[in-house]
Amino acid sequence: MSEPTPAPHFRYPDLPISRHREEIAAALRKHQVVVVVGETGSGKTTQLPKIALEVAGRRRGKLGCTQPRRLAAVAVARRIAEEVGCELGGYVGYQVRFDDRTGADTRLKLMTDGILLAETQDDRDLRQYHTIILDEAHERSLNIDFLLGYMKLLLARRPELKLIISSATMDAGSFSEFFGGAPVINVEGRTYHVDMHYMPPRHSEEEQPEHVCRAVQWLSEYDAKGDVLVFLPGEREIRDCAAELERLDLPRTDILPLFARLGLNEQQRIFHPAKGRRRIVLATNVAETSLTIPGIIYVIDSGEARISRYLPGRQIQRLQVEPISQASARQRAGRCGRVTEGVCIRLYSETDFENRDAFTDPEIKRSALAGVILRMTDLKLPPLGEFPLPDPPSPRLVNEGYKTLREIGAIDRQKRLTPTGRSLARLPLDPRLGRMLLEAEHEKALAEVLVIVAGLSIMDPRERPAEFAAQADQAHAQWKNEDSDFLSMLTLWRASLEFKERNSLRRNQLRKWCAKNYLNFLRMVEWHNLVQDLGAALQDTMRWRIPALPEEAKLETAKVNVPGAEVYYQIQPFNRQLLNNSILLLLVGCLLFMTNTHSRRR
């Protein structure tokens with residue numbers, strides 16, 4: 001076996017974490033688990049991997065570093081590769097959905113936490129890694145909490161494996177306690193003072209775009225050159241505020257959006273600003289801790305974020321706008337004051353801030369757990385009630401997860417996996433969506449249902465701005481099928497295939513078509529990518545042949561009555577097997593209508 005690629009000579013920039021380099025390295029040599037708490041601006045995300053690689057020396061294997069979001073994983077990998085002086089995909093690489101830039105010489109692998117979670121299916125002991133860094137652990141996503149529990153069990157089997165937990169908040173004592181008193185190293189963050197200002201709405205009817213513009217104008221009177229970062233709940237709010245800010249016609253100012261699905265070219269405009277121009281970056285909470293935007297002096301905090309919550313009684317997952325916690329508000333404020341004294345404007349009152357929750361509740365306490373239970377059962381892990389977790393979910397959520405799995409035939413009454421359940425565990429999907437694909441393959445309708453499942457997995461690409469609602473409705477009517485929302489999705493999909501050549505899209509033409517027809521370009525691209533990615537996954541894991549989508553033909557309409565719903569659908573001639581598939585139709589119908597009602601128009 002060839003020797004591992006030697007580590008390059010690392011240089012450490014003048015960041016707060018660099019002053020703790022020896023302390024962190026000594027703790028990592030002595031302990032199996034180390035918790036590092038680094039305030040915003042400490043440099044922990046880019047410098048911790050280098051410290052860990054120096055400690056590892058010439059040990060075989062890789063260092064795996066997780067990020068909660070694709071955008072952050074790619075951006076951090078690029079940054080570290082630049083600092084190390086290597087080509088991306090060589091010594092430093094990354095793997096995210098749709099994109100794997102690693103090779104035989106990769107020693108540092110950045111990835112989303114979902115990628116590491118998926119790797120546990122084929123490499124349960126994660127033997128390819130000598131060190132794991134779970135970054136942004138304070139976000140307490142479902143994946144992060146599951147990985148924390150998984151790592152606690154794995155560390156007992158692999159005493160040579162090292163784990164670093166990186167958090168941006170001081171609530172790290174729970175991590176230390178969870179791992180048996182692991183040492184905690186605190187790293188200071190920004191060194192410049194940040195002035196806090198509270199600017200609540202003037203009246204109950206002041207819209208958010210107007211409110212943001214008022215704050216920007218106030219800052220512009222104070223300083224018309226300093227870069228501004230505005231935190232908003234989601235893409236829709238970003239578009240609305242961008243349109244309102246453009247109307248102000250601010251001199252030498254670029255209005256730049258930033259959210260998880262943003263393309264690489266758009267990212268570059270944010271991280272490589274034009275000389276002599278001010279940036280106003282409109283961002284979701286992806287910029288709260290996952291990414292650092294250089295040069296930010298001012299922050300405007302809407303005080304809101306989109307939070308996913310599962311409602312067990314109605315069996316729906318809602319993506320709703322909620323007030324952020326005090327910890328998140330401090331993280332946002334910490335994004336300024338890094339190059340000089342900063343100013344943070346909170347678009348709510350100080351009393352409102354003081355009455356907010358101290359921390360955001362972990363996702364595992366507000367999510368559907370069917371997928372987690374399915375994965376754990378497949379990996380032969382202890383039941384969720386016995387699995388080690390920093391904050392166990394409520395028994396009601398656990399029971400609801402088992403109920404869902406029984407309804408789709410994934411487990412039996414003894415909570416053992418059925419053959420259907422074993423197949424579902426291999427699919428990178430919500431179990432209910434995966435069940436639809438299994439049934440579709442059996443009923444020879446895989447091509448159509450693959451498109452529908454991918455469409456249900458993303459936010460609705462149709463846009464309906466309030467000021468152009470009638471025009472948007474008219475544009476969308478060309479794909480509408482009166483009997484079936486599913487067929488409406490397929491009709492839209494078929495229309496978009498005009499801009500596809502082999503396995504790539506003619507993006508410029510697609511972008512113009514989307515703008516003309518009130519469609520979100522990035523979501524349409526994501527839909528195409530997801531269909532291709534799911535198709536490849538089904539071929540690799542299930543050994544299925546993915547048929548081409550049949551040409552549109554005259555369709556027959558049918559109606560199926562199922563408990564609590566009437567589902568209309570249409571079938572291609574000679575494809576009457578679908579007529580008997582009430583289980584598939586029930587799953588699709590319930591998912592589609594509940595998703596449409598509660599989250600697709602976000």
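Note that the coordinates shown come from a computational prediction; the quantities given were computed from them, not determined experimentally. Atoms considered below: every heavy atom in the structure, side chains included; atoms not considered: hydrogens, waters and symmetry mates.
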Using the salt bridge (charged side-chain N to carboxylate O under 4.0 Å, His left out) criterion, which residues pair with [X]? Sequence neighbours excluded.
X: D357; answer: none
X: D249; answer: none
X: R375; answer: none
X: R278; answer: none

Distance-minimising heavy-atom pair for [X] and [Y]:
X: Y12; Y: S18; value: CB-OG, 3.6 Å
X: F259; Y: L71; value: O-CD2, 3.5 Å
X: L530; Y: S457; value: CD2-CB, 3.6 Å
X: N520; Y: L522; value: OD1-N, 3.0 Å
X: K44; Y: S166; value: CD-OG, 3.2 Å
X: F178; Y: L389; value: CE1-C, 3.5 Å

Going by side chain to side chain donor-acceptor pair (under 3.5 Å), name the residues that satisfy it together with [X], two or more places apart in sequence or in a different chain.
X: R511; value: none
X: N143; value: D113
X: T66; value: none
X: E206; value: R214

Expected output: side-chain [X] to main-chain [Y] donor-acceptor under 3.5 Å:
X: H476; Y: Y518; answer: yes
X: T253; Y: P251; answer: yes
X: R70; Y: T112; answer: no
X: R335; Y: I296; answer: no
X: D460; Y: R462; answer: yes
X: Q326; Y: R356; answer: yes
X: D430; Y: R432; answer: yes
X: S302; Y: F231; answer: yes
X: E136; Y: A168; answer: no

E205 CD: over 12 foreign heavy atoms closer than 6.0 Å: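 Open: at most 12 neighbouring heavy atoms sit under 6.0 Å from CD of E205.
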Return the [atom1] to [atom2] distance between [X] and [Y], rounded to the nearest 0.5 Å.
X: S220; Y: I280; atom1: OG; atom2: CD1; value: 6.0 Å
X: L245; Y: I238; atom1: CG; atom2: CD1; value: 11.5 Å
X: L163; Y: I165; atom1: CG; atom2: CD1; value: 4.5 Å
X: D99; Y: Y94; atom1: CG; atom2: OH; value: 3.5 Å
X: H211; Y: R202; atom1: NE2; atom2: CZ; value: 8.5 Å
X: E23; Y: I51; atom1: CD; atom2: CD1; value: 10.0 Å

Taking [X] first and then [Y], would you say they form a salt bridge - that is, a charged N and a carboxylate O separated by under 4.0 Å?
X: R523; Y: E463; answer: no
X: R306; Y: E235; answer: no
X: E82; Y: R79; answer: no
X: D352; Y: R346; answer: no

Can you list the residues that meet the side chain to side chain contact (heavy atoms under 4.5 Å, CB included) rule with A81, with sequence neighbours excluded?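 Testing A81 for side chain to side chain contact (heavy atoms under 4.5 Å, CB included), a comparison that skips the adjacent residues, returns C86, L88, V92.
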For T351, check side chain to side chain contact (heavy atoms under 4.5 Å, CB included) against everything at least two apart and list the hits.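 Here the qualifying residues are S349, N355.
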So [Y] and [X], do their side chains get closer than 4.5 Å, heavy atoms only?
X: E400; Y: Y310; result: yes
X: L250; Y: V216; result: yes
X: M489; Y: D485; result: no
X: T360; Y: I324; result: no
X: E83; Y: Q47; result: yes
X: C344; Y: M196; result: yes
X: C336; Y: L229; result: no
X: L492; Y: W527; result: yes

In terms of relative ring orientation, are F353 and Y198 parallel, tilted or perpendicular, with 30° and 60° separating the classes?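 Tilted, since the angle between the ring planes falls between 30° and 60°.
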Take I300 and L219 through the test side-chain contact (heavy atoms from CB on, under 4.5 Å) and record every step on the way to the result. CA-CA 10 Å; I300 298 174; L219 284 174; 3.9 Å; yes
Sequence neighbours excluded, every pair satisfying salt bridge (charged side-chain N to carboxylate O under 4.0 Å, His left out) that has a member inside residues 220-232: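 Qualifying pairs: D227-R279.
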F359 six-ring centre to R140 NZ/CZ under 6.0 Å and within 45° of normal: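 Judged by the rule (NZ or CZ under 6.0 Å from the ring centre, within 45° of its axis), R140 is not positioned above F359.
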Yes or no on side-chain contact (heavy atoms from CB on, under 4.5 Å) for I17 and I24, after CA distance, side-chain angles and deciding distance? CA-CA 9 Å; I17 196 169; I24 294 170; 3.8 Å; yes
Would C241 and L232 count as a side-chain contact (heavy atoms from CB on, under 4.5 Å) here? Give the steps. CA-CA 9 Å; C241 286; L232 295 164; 3.8 Å; yes
Candidates E244, E304, E237 - the one meeting side-chain hydrogen bond (donor to acceptor under 3.5 Å, both in side chains) with Q208: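 For Q208, the side-chain hydrogen bond (donor to acceptor under 3.5 Å, both in side chains) check succeeds only for E304.
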Side chains of residues 365-372: which donor-acceptor pairs under 3.5 Å do they make with residues two or more places apart or in other chains?
unit_1 : atom_1 : unit_2 : atom_2 : d
K365   : NZ     : P392   : O      : 3.3
R366   : NE     : D361   : O      : 3.2
R366   : NH1    : S308   : O      : 2.9
R366   : NH2    : D361   : O      : 3.4
S367   : OG     : E363   : O      : 2.8

Criterion side-chain contact (heavy atoms from CB on, under 4.5 Å) on F146 and L142, from CA distance to verdict: CA-CA 6 Å; F146 183 81; L142 197 59; 6.0 Å; no
